[in-house]
There are 2 protein chains.
Amino acid sequence: MNITSDMIYGYTDGMILCCLSEQDSYGYAINNFILEKSGFKYELKEATLYTTFRRLEKQGHVTSYWGNESSGPRRRYYSITQEGRAYLKQRIREWKEIRQLMDAFFIDKKEEETET
Amino acid sequence: MNITSDMIYGYTDGMILCCLSEQDSYGYAINNFILEKSGFKYELKEATLYTTFRRLEKQGHVTSYWGNESSGPRRRYYSITQEGRAYLKQRIREWKEIRQLMDAFFIDKKEEETET
DNA sequence: CAAACTACCTCATTATACAATATAGTTCAC
DNA sequence: GTGAACTATATTGTATAATGAGGTAGTTTG
């Protein structure tokens, strides 16, 4: 089953920041990373990727700079800020709450009905 | 911590259908049920509740009828359809996929960094 | 009788995701 | 040497979900 966008709504920021928390990276690489990490079930669309970068930068969660590639297309690298790290931690805490709530609805009561 | 709406985005349908999968119910009762089930962390807003009912009915996932209360305000009861049950099962399967993906990002790599 | 509660509803606004579209350099098979 | 596939970034317009703000109306209780 493929993962569609409405299921991910609101978590794009967190996924991208998670990637950047390891090291600086650029759009194309992050996109591929997420694709692979999802077992090729979820591909972030380009429009989403770049609008999310604009938002994150505007909110101060990331900063960006142009890489100096000697060959190939130019790359814009993104770097997570201290605010971005704090925001990511917050998002992770939130995720745990959401997961608990949704599991209470979807899993706990329905386990016997929905074979995985 | 309270659960905000953008984290729940897209799962309102599933939560409501889950309530209705047990028995027919009406808006106000469903709202209270969700509030209690979340440990008073998440309250579905009324506007969201009723726009979701409209959508679910339009999509054929629920049907509705007016209850014949002998006293108190009128209640519109909702009933889940066969299509609604199939849709709910689909949503639950999707939830498991999403949970796995988000855990891969948020939990697996960050466990040591974010004390619960 | 007024406040609090039960119960329903709609409209306009906002935010996120994305299809469509555009630009441009690189690599590689034929 | 050229065309396809790939690398890489970006914007604009559209669709949808959630919700703030507002409205209606009956019931209970102090």
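Below, chains carry the letters A, B, ... as their sequence lines are ordered, and counting in each starts from 1.
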May I have the distance from [X] (atom [atom1]) to [N] (atom [atom2]), rounded to whole angstrom?
| X | N | atom1 | atom2 | result |
| --- | --- | --- | --- | --- |
| A/Leu56 | C/dA15 | CG | P | 15 Å |
| B/Tyr65 | C/dC8 | OH | C1' | 16 Å |
| A/Asn31 | D/dC6 | CG | P | 15 Å |
| B/Leu44 | D/dA18 | CG | C1' | 9 Å |
| A/Ile8 | D/dA17 | CD1 | P | 16 Å |
| A/Arg75 | D/dA10 | CZ | P | 14 Å |
| A/Leu49 | D/dT12 | CG | C1' | 17 Å |
| B/Phe33 | C/dT6 | CZ | P | 17 Å |

Phosphate OP1/OP2 of [N] contacted by [X] side-chain N/O (<4.0 Å):
| X | N | result |
| --- | --- | --- |
| A/Thr12 | C/dT16 | no |
| A/Arg54 | D/dA10 | yes |
| B/Arg76 | C/dC9 | yes |
| B/Arg55 | D/dA18 | yes |

Can you tell me how far the CE atom of B/Met102 sits from the OG atom of A/Ser38, to the nearest 0.5 Å?
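These two atoms lie 11.5 Å from each other.
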Would you kindly check whether a donor in the side chain of B/Tyr9 faces an acceptor in the base of D/dT19, or vice versa, at under 3.5 angstrom?
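Counting by modelled atom types and ignoring angles, no donor-acceptor contact under 3.5 Å is found here.
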Tell me whether the count of non-hydrogen atoms from other residues, nucleotides or ligands lying under 6.0 Å of CD in A/Gln100 goes above 12.
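Open: at most 12 neighbouring heavy atoms sit under 6.0 Å from CD of A/Gln100.
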Once the angle between the rings of [X] and [Y] is folded into 0 to 90°, is it parallel (under 30°), tilted (30 to 60°) or perpendicular (over 60°)?
| X | Y | value |
| --- | --- | --- |
| B/Tyr65 | B/Tyr77 | parallel |
| B/Phe105 | A/Phe33 | perpendicular |
| B/Phe106 | A/Trp95 | perpendicular |

Of the nucleotides [options], which one has an atom closest to the side chain of [X]?
| X | options | result |
| --- | --- | --- |
| B/Lys45 | D/dG20, C/dC8, D/dT27 | D/dG20 |
| A/Tyr78 | C/dC9, D/dA10, D/dA18 | D/dA10 |
| B/Tyr28 | C/dT26, C/dT10, C/dC5 | C/dC5 |
| A/Tyr50 | D/dA8, C/dC8, D/dT12 | D/dA8 |

Return whichever of B/Ala47 or B/Tyr26 has its heavy-atom-nearest nucleotide of DNA chain C closer to the 5' end.
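Nearest nucleotide further toward 5': that of B/Tyr26.
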By nearest heavy atom, map A/Pro73 and A/Thr51 onto DNA chain C; which one lands nearer the 5' end?
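On the 5' side of the pair lies A/Thr51.
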